[in-house]
Amino acid sequence: MYELKTKENDNSVIEFIESVDSIKKRDDAYKLLDIFTETTGYPAKMWGPSIIGFDSYHYKYASGHEGDAPLVGFSPRKAKISLYFATGDTEREEFLKDLGKHTTGKACVYINKVADIDVNVLKALINRSIAFLREMYPNEKGE
């Protein structure tokens with residue numbers, strides 16, 4: 001049976017950020033850490049070896065596949081910084097129009113640096129993603 005590699009763990013977020021080679025990417029990672037922490041109200045946790053995630057949700061697909069994932073997160077990768085938001089949210093595209101310089105993949109939004117984007121739009125994307133996932137996957141408490 002398939003097992004997810006990207007699981008929440010107790011590795012240090014700060015140690016991970018400090019291990020980022022590029023000083024500029026490291027500085028941006030600290031900026032994003034502040035933005036995501038302030039916006040979500042949740043502490044940062046490591047997910048797998050390289051994703052910094054905030055809170056979590058449990059998903060279950062019609063196929064029977066299920067697991068846990070961070071509500072939102074980011075990763076300062078070598079090439080670009082990956083921002084993780086909910087997939088399947090049709091409203092996401094509206095926010096992305098005003099985000100600034102970025103590219104997108106199926107689940108990720110890629111930026112070169114924080115200075116390239118509108119931080120207020122990023123905060124709105126974070127909040128929208130959390131609201132969307134709470135709607136799609138309510139937990140036992142009804143959140």
Side-chain angles (χ1 to χ4, degrees), residues 1-61 63 65-141 143:
M1 179 158 173
Y2 174 78
E3 186 171 334
L4 279 175
K5 292 182 187 132
T6 309
K7 292 182 178 176
E8 185 178 333
N9 60 65
D10 291 326
N11 294 346
S12 168
V13 170
I14 300 302
E15 284 179 20
F16 169 66
I17 292 173
E18 285 297 317
S19 75
V20 173
D21 288 336
S22 163
I23 294 169
K24 289 179 180 178
K25 277 232 169 58
R26 198 177 318 141
D27 288 346
D28 274 349
Y30 280 117
K31 287 176 190 167
L32 289 169
L33 180 62
D34 288 344
I35 292 165
F36 275 78
T37 301
E38 177 188 308
T39 305
T40 66
Y42 298 114
K45 299 287 281 184
M46 289 302 300
W47 284 75
S50 61
I51 295 174
I52 300 169
F54 298 83
D55 205 29
S56 65
Y57 69 100
H58 186 79
Y59 61 87
K60 186 170 185 176
Y61 299 138
S63 65
H65 177 78
E66 63 182 296
D68 296 302
L71 284 172
V72 291
F74 69 93
S75 183
R77 308 230 183 243
K78 265 194 184 357
K80 293 188 181 261
I81 298 169
S82 300
L83 306 175
Y84 299 96
F85 302 110
T87 56
D89 182 8
T90 55
E91 290 184 30
R92 181 172 100 156
E93 293 307 312
E94 287 303 309
F95 290 100
L96 289 176
K97 287 178 188 174
D98 298 321
L99 181 62
K101 188 177 174 187
H102 72 280
T103 56
T104 58
K106 185 176 180 184
C108 299
V109 174
Y110 304 101
I111 63 171
N112 289 317
K113 56 189 182 286
V114 174
D116 287 345
I117 62 169
D118 184 323
V119 171
N120 290 321
V121 175
L122 173 60
K123 290 177 181 180
L125 264 166
I126 292 167
N127 286 324
R128 175 61 202 154
S129 188
I130 291 170
F132 176 79
L133 289 168
R134 291 281 189 232
E135 252 175 56
M136 292 295 296
Y137 304 100
N139 65 19
E140 305 79 42
K141 296 177 245 170
E143 290 183 307

- Considering only NZ, NE, NH1 and NH2 on the basic side and carboxylate oxygens on the acidic side, decide whether D116 and K80 come within less than 4.0 Å. no
- Message: Go through it in stages, so that I can follow the logic: the residues are Y84 and F74, the test is ring pair (Phe, Tyr, Trp, His ring centres under 6.0 Å), and I'd like the CA-CA distance, side-chain angles, deciding distance and then a yes or no.
- Response: CA-CA 6 Å; Y84 299 96; F74 69 93; 8.8 Å; no
- Message: To the closest 0.5 Å, what do you measure between NZ (K60) and OH (Y137)?
- Response: 12.0 Å
- Task: Starting at OG of S19, measure out to CG of N11 and round the result to the nearest 0.5 Å.
- Result: 10.5 Å
- Note on the structure: Rounding to 0.5 Å, atoms OG (S50) and CZ (R77) come to a distance of 3.5 Å
- Flag side-chain contact, heavy atom, 4.5 Å: L71 against F54: no
- Task: Check whether any side-chain heavy atom of Y57 sits under 4.5 Å from a side-chain heavy atom of P138, and report yes or no.
- Result: no
- Compare all side-chain heavy atoms of P70 with those of W47 and state whether any distance is below 4.5 angstrom. yes
- List the steps and the verdict of side-chain contact (heavy atoms from CB on, under 4.5 Å) for F85 and L122. CA-CA 10 Å; F85 302 110; L122 173 60; 3.7 Å; yes
- Message: As a test of understanding, state which of I17, L83, I52, V119 forms a side-chain contact (heavy atoms from CB on, under 4.5 Å) with L32.
- Response: L83
- Task: Could you tell me the separation between the CD atom of E8 and the CG atom of D10, rounded to the nearest 0.5 Å?
- Result: 7.5 Å
- Message: Donor-acceptor pair, distance only, cut-off 3.5 Å: does the side chain of H58 make one with the backbone of G67?
- Response: yes
- Item | Value rounded to 0.5 Å, distance of CD in E91 from CG in L96 | 12.0 Å
- Message: Within the 4.5 Å heavy-atom criterion, are R26 and D21 side-chain neighbours or not?
- Response: no
- Full working for side-chain contact (heavy atoms from CB on, under 4.5 Å) between V109 and R92: CA-CA 11 Å; V109 174; R92 181 172 100 156; 4.3 Å; yes
- Task: Check H102 against T104 and note the closest heavy-atom contact, atom names and distance.
- Result: CD2-CG2, 3.6 Å
- Nearest non-hydrogen partners of K123 and I35, listed with the distance: CG-CG2, 4.0 Å
- When every non-hydrogen atom of E15 is compared with those of S12, the smallest separation belongs to N-OG, 3.0 Å
- Message: Check whether S129 reaches the backbone of L125 with its side chain - one donor and one acceptor, N or O, closer than 3.5 Å.
- Response: no
- Task: Determine, stepwise, if the pair R134 / D55 fulfils side-chain contact (heavy atoms from CB on, under 4.5 Å).
- Result: CA-CA 11 Å; R134 291 281 189 232; D55 205 29; 2.5 Å; yes
- Item | Minimum heavy-atom distance between G48 and N9, given as atom pair plus value | O-ND2, 3.0 Å
- Message: Can you confirm whether K113 sits close enough to K101 that some side-chain heavy atom of one is under 4.5 Å from a side-chain heavy atom of the other?
- Response: no
- Query: L133 and A86: which non-hydrogen atoms are nearest, and at how many Å?
  - Reply: CG-CB, 3.6 Å
- Task: Taking the side chain as every heavy atom from C-beta outward, state whether V13 and K45 have any atom pair closer than 4.5 Å.
- Result: no
- Query: So does D28 pair up with K31, basic N to acidic O under 4.0 Å?
  - Reply: yes
- Task: Measure the acute angle between the ring planes of H65 and Y59, then classify it against the limits of 30° and 60° as parallel, tilted or perpendicular.
- Result: tilted
- Message: So D89 and R128, do their side chains get closer than 4.5 Å, heavy atoms only?
- Response: yes
- Measure the spacing between CZ of F16 and CD1 of I51 and express it to the nearest 0.5 Å. 9.0 Å
- Task: Please report the shortest heavy-atom distance between F95 and A124, naming the atom on each side.
- Result: CE2-CB, 3.6 Å
- Message: Between Y42 and T37, is there a side-chain heavy-atom distance shorter than 4.5 Å?
- Response: no
- Listed partners of T87 passing side-chain contact (heavy atoms from CB on, under 4.5 Å), at least two apart: A107
